[in-house]
Student: 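Let me begin by handing over the structure; questions about it come next.
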Protein chains: 2
Amino acid sequence: MQDVCTVNQTVRYLARKWTLLIILELYKGQGHTRRFTELKEALGGITQKVLAERLRELEHEGIVTRRVDATDFPVRTEYTLTESGLALVDVVRGIKAWALAWKVENATCGNQDCSVCVL
Amino acid sequence: MQDVCTVNQTVRYLARKWTLLIILELYKGQGHTRRFTELKEALGGITQKVLAERLRELEHEGIVTRRVDATDFPVRTEYTLTESGLALVDVVRGIKAWALAWKVENATCGNQDCSVCVL
DNA sequence: CAGAATCCCCTCAGATACTG
DNA sequence: CAGTATCTGAGGGGATTCTG
């Protein structure tokens, strides 16, 4: 019913657990890039299964690109925010601005305080 | 873990089924106000249980206010978008702008086309 | 290193029935 | 009219194990 609406779909995968933190972590990386294991360690507590799932979704949505470097072993895989992904970070900034304006009382998250968040 | 982050919480209830459509429907009402039954009929397919749940959530988040008129019977209950709710509509507009810029291919939703959406 | 495959639990949402 | 109560099925996410 509303599941064909792009806006709703967007909000829907943004709301899935870890997605925002993954995007934020990629954003912080050099060239907005991070490796699988870097992400896994930065996001203490996420399982490989969920991280892989989220990255596939984001790749499918065009928010992230995956590049495999198989020239040596073990294989290196890098994930990078696309242009659309960077634009999405601005959207998240808009949400943060709203939250700070209207929800000041509980503005902290598990990783850092919104007021000092890189966003 | 990330569940204490206001931004994440916001995205999370926005993503719950029907929430966006409820906000949109209130937005369209006179004075951004609608009655329970009006909402129910406008959002064909929603159950009373879910509608009541969503409205409680939105009320709790300060996005909607509830006003009961018990002067006559049956009781009239009206829901109105608050200032913060109206500000949130702007946030959703931002998401729509992103969607139209990067997801043009599937820009329609069950109710109407994004390009003619009131947002 | 970067995953895929399984199993299990828990929340979400639909259907249905009842009430002040 | 505007809800509440209960039950059920489907999907999300954690833990663990295995592999190219």
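Chain A is the first sequence line, chain B the second, and so forth, proteins listed ahead of strands; every chain is numbered from 1. Quick note: numbers below take in every heavy atom, side chains included, and nothing from hydrogens, waters or symmetry partners.
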Student: Would you kindly give the CG-to-C1' distance between B:Asn8 and D:dG12, to the nearest whole Å?
Tutor: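 It works out to 14 Å between those atoms.
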Student: Side chain of B:Gln48, heavy atoms from C-beta onward: which of D:dA2, C:dG3, D:dG3 has the nearest atom to it?
Tutor: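 Nucleotide nearest to B:Gln48's side chain: D:dG3.
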Student: Using a heavy-atom cut-off of under 4.0 Å over every strand shown, decide if B:Tyr79 touches base, sugar-phosphate, or nothing.
Tutor: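 If one applies the 4.0 Å heavy-atom cut-off, B:Tyr79 turns out to touch the sugar-phosphate alone, with no base involved.
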Student: Are B:Glu25 and B:Lys28 within salt-bridge range, i.e. N to O under 4.0 Å?
Tutor: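 Salt bridge: yes.
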Student: Please report, rounded to the nearest Å, how far the C1' atom of D:dG13 is from the CZ atom of B:Arg12.
Tutor: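 Computing the B:Arg12:CZ to D:dG13:C1' distance gives 9 Å.
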Student: Starting at atom CZ of B:Arg67, determine the distance to atom P of D:dA2, rounded to an integer number of angstrom.
Tutor: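 Atom CZ in B:Arg67 sits about 12 Å away from atom P in D:dA2.
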Student: Report the nucleotide, chosen from C:dA13, D:dG3, C:dG3, that has the shortest atom-to-atom distance to any side-chain atom of B:Arg54.
Tutor: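 Closest nucleotide to the B:Arg54 side chain: C:dA13.
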Student: Hey, is B:Arg56 close enough to B:Glu59 for a salt bridge, meaning N to O under 4.0 Å?
Tutor: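 Yes.
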Student: Sub-3.5 Å donor-acceptor pair from the side chain of A:Lys103 to the main-chain atoms of B:Glu61, do we have one?
Tutor: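 Yes.
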Student: OP1 or OP2 of D:dA2 versus the side-chain N and O atoms of B:Arg35: is any pair under 4.0 Å?
Tutor: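 Answer is yes, contact under 4.0 Å.
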Student: Kindly point out which of C:dA4, D:dA5, D:dA2 is positioned nearest to the side chain of B:Arg76?
Tutor: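 Nearest nucleotide to the side chain: D:dA2.
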Student: Between C:dC12 atom P and A:Arg16 atom CZ, what is the distance in whole Å?
Tutor: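 One finds 14 Å between P of C:dC12 and CZ of A:Arg16, rounded.
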Student: Any ion pair linking B:Arg35 and B:Glu78 (charged N to carboxylate O, less than 4.0 Å)?
Tutor: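 No, B:Glu78 and B:Arg35 are not salt-bridged.
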Student: C:dG14 base to B:Lys49 side chain: any donor-acceptor pair below 3.5 Å?
Tutor: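 Such a pair is found, so the answer is yes.
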Student: Looking only at the side chain of A:Thr47 (C-beta and beyond, no hydrogens), which of the listed nucleotides D:dA15, C:dG3, D:dG3 gets closest?
Tutor: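 Of D:dA15, C:dG3, D:dG3, D:dA15 is nearest to the side chain of A:Thr47.
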Student: In this structure, how many angstroms lie between the P atom of C:dA2 and the CG atom of A:Leu51, rounded?
Tutor: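 Computing the A:Leu51:CG to C:dA2:P distance gives 10 Å.
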Student: Rounded to the Å, how far apart are A:Leu55 CG and C:dC1 P?
Tutor: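 To the nearest whole Å, that distance equals 16 Å.
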Student: Mapping A:Val75 and B:Ala52 to their closest nucleotides on DNA chain D, which lands nearer the 5' end?
Tutor: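 It is B:Ala52, whose closest nucleotide lies nearer the 5' terminus.
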Student: Are the side chain of B:Thr33 and the backbone N or O of B:Gly29 linked by a donor-acceptor pair below 3.5 Å?
Tutor: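 Answer holds: no.
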Student: Go through D:dT4, C:dA2, D:dG13 for me and flag the one nearest to the A:Phe36 side chain.
Tutor: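 Output: C:dA2.
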Student: Verify the contact: side-chain N or O of B:Trp18 to OP1 or OP2 of C:dC12, cut-off strictly under 4.0 Å; return yes or no.
Tutor: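 Checking B:Trp18 against C:dC12: no side-chain N or O falls below 4.0 Å of OP1 or OP2.
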Student: CZ of B:Arg66 versus C1' of D:dT4: gap in Å, rounded?
Tutor: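 After rounding, the gap between these two atoms is 12 Å.
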Student: Measure from CD on A:Glu57 to C1' on D:dG13 and round the result to the nearest Å.
Tutor: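 About 11 Å, once rounded to whole Å.
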Student: So, under a plain 3.5 Å distance rule, would you say the side chain of A:Lys17 forms a donor-acceptor pair with the base of D:dG12?
Tutor: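 No such pair is found, so the answer is no.
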